[in-house]
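In what follows, chains carry the letters A, B, and so on, assigned in the order in which the sequence lines appear, proteins first and then strands, with residues in each chain numbered from 1.
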Protein chains: 4
Amino acid sequence: MSGSLNKVMLIGNLGDDVKMHYFEGGGCIGRFPIATSETYTSKQTNERITNTEWHNIVVRNKGAEICEKYLSKGDKVYIEGRLKTRKWTDDKGNDRYSTEIQCNDFTFLSTKKESANNASNAESPAAQKPAENPQPSSQPIAEDNDDLPF
Amino acid sequence: MSGSLNKVMLIGNLGDDVKMHYFEGGGCIGRFPIATSETYTSKQTNERITNTEWHNIVVRNKGAEICEKYLSKGDKVYIEGRLKTRKWTDDKGNDRYSTEIQCNDFTFLSTKKESANNASNAESPAAQKPAENPQPSSQPIAEDNDDLPF
Amino acid sequence: MSGSLNKVMLIGNLGDDVKMHYFEGGGCIGRFPIATSETYTSKQTNERITNTEWHNIVVRNKGAEICEKYLSKGDKVYIEGRLKTRKWTDDKGNDRYSTEIQCNDFTFLSTKKESANNASNAESPAAQKPAENPQPSSQPIAEDNDDLPF
Amino acid sequence: MSGSLNKVMLIGNLGDDVKMHYFEGGGCIGRFPIATSETYTSKQTNERITNTEWHNIVVRNKGAEICEKYLSKGDKVYIEGRLKTRKWTDDKGNDRYSTEIQCNDFTFLSTKKESANNASNAESPAAQKPAENPQPSSQPIAEDNDDLPF
DNA sequence: TTTT
DNA sequence: TTTT
């Protein structure tokens, strides 16, 4: 379709480590869940209610490798991407649907692993070579635009 | 959780009319699908490939009523909202998940029905009373912030 | 800095045609203003107030050429980009600042000129060759990522 | 205008503390600068180049008070708002323009001051009463929707 | 003026 | 399954 926009922007925490999948052609994807939540005060009961939402993030190629290297369970991250609902068939032959965020940009807002200080845009070689003197800090990293069909 | 963001922004076309559901307490929701798509040229075959993605939009209360009044199948709309994955049980007792966009802001980019020209923010009474002299144009409308749990 | 995001998203109408500037090295930029506005009802006077905001859009290279080809004064467009404030010196020697949106993605929501139907991502050659049978419709087009310092 | 969107989303660090301005009617605004930057590798010289951009943030009423309470120079924050260019006259009588981000949502991604733990949406009373046992952490806070014309 |  |  023309004149269309499909954009998701999330800030949340990883519920698990990045799981990598490597393909024969040399490509790879990384998957991880992130949680967002909002807290509000119920008008009825006047108590604080927290609502957590889970999102399945999928990153490709260089971006996936950078995420795997620097992100781990619990880290906070900014994710930008597209919504994609995959159709699959369960073991009973039923059509099933799963909605994912195909991540095409991300920024680390905290990292537990060795720091990716000075690491930056995934398109540049520097992104693969983080700072000599790692510090516990955050960094912006964008992923590549390769055409892996996932 | 704190420090979290859950935002979806879409521009797409309605795949169907707005379906309304009214609740006993006086609230209501409207549901409609919108399609986004992107077209790219395959690196392998060099042919143009169009990928359409469908999104389930849910709007509440006044916003739902405005959407129902002015939007119909085929119209183009800007949608802003939150991702929410609902869990439900199918007739065989399996857990099933459905991801929706809880819309909290929208802007009409084309309308087939009578125009909502001059209609605007849903929080203002004027939003309910579109222009006397309707024109085939677009309009920005935001929905209310009521606390309907859907 | 790391961990940073600079994103602007606009839907508005061109206040003027695209003005092109060509550079010796072969690069070019296109500039055009777009207007956004919101209408609200004054709490004091109860009258409808419309507030128009003007934004200076700057697009580069292939994206600029596509905008010039298909956009003209009055057209509606979705613009995504970064905020950049340029410093310049006026004829009296005063420091002056001008804030622009460096556009890195756009989608046509209406066009008056010949249609760019089927035109799409600027990175592909097809974006330069719109459909044989033009129709008055909209189309999504992204610009390139070249490194023109403007 | 109808069919319009004016949205800015930033993640950056405060370059200075929040400056408050109180009005006679009881309203107030807070102002602070935030820096975003991107680092890339120059194609010509192959050196790392960092580009910092400064943004003037304006927050109103309750949101301003929450920002003043919890944010200080150096803190990282997510800001969402609208672009607004103000016109003013300098001491020589020249027209001058200044572009600001009218913030209508924000999320703390780090805070140096006493923590706003459990503090949340500014519309709820709880947002004004942070946790008894402050911790150095982040929190999401949205501002109110009052109609202060700034 | 921030941050890494 | 995260985080506060």
Under 3.5 Å, is there any donor-acceptor pair linking the side chain of Thr52(D) to the base of dT2(E)?
yes

Stacking of Trp54(D) on dT1(E) base (centres under 5.5 Å, planes under 30°)
yes

What pairs with Asp91(B) under salt bridge (Lys or Arg N to Asp or Glu O under 4.0 Å), at least two apart in sequence or on another chain?
none

Euclidean distance, atom [atom1] of residue [X] to atom [atom2] of [N] [Å, nearest integer]:
X: Leu14(D); N: dT3(E); atom1: CG; atom2: P; answer: 10 Å
X: Leu109(D); N: dT2(F); atom1: CG; atom2: C1'; answer: 15 Å
X: Glu38(A); N: dT3(F); atom1: CD; atom2: C1'; answer: 13 Å
X: Tyr97(C); N: dT1(E); atom1: OH; atom2: C1'; answer: 12 Å
X: Lys19(D); N: dT1(E); atom1: NZ; atom2: P; answer: 13 Å
X: His55(A); N: dT1(F); atom1: NE2; atom2: P; answer: 17 Å
X: Asp75(D); N: dT2(E); atom1: CG; atom2: P; answer: 13 Å

N-O pairing of Lys73(D) and Asp16(D) below 4.0 Å:
no

The criterion is side chain to side chain donor-acceptor pair (under 3.5 Å); which residues satisfy it with Asp17(A), sequence neighbours excluded?
none

Among the nucleotides dT1(F), dT2(E), dT3(F), whichever has the atom closest to the side chain of Asn13(A) is dT3(F)

Picking from dT1(E), dT2(F), dT2(E), which would you name as closest to the side chain of Asp16(D)?
dT1(E)

Are any non-hydrogen side-chain atoms of Tyr97(B) and Thr99(A) less than 4.5 angstrom apart?
no

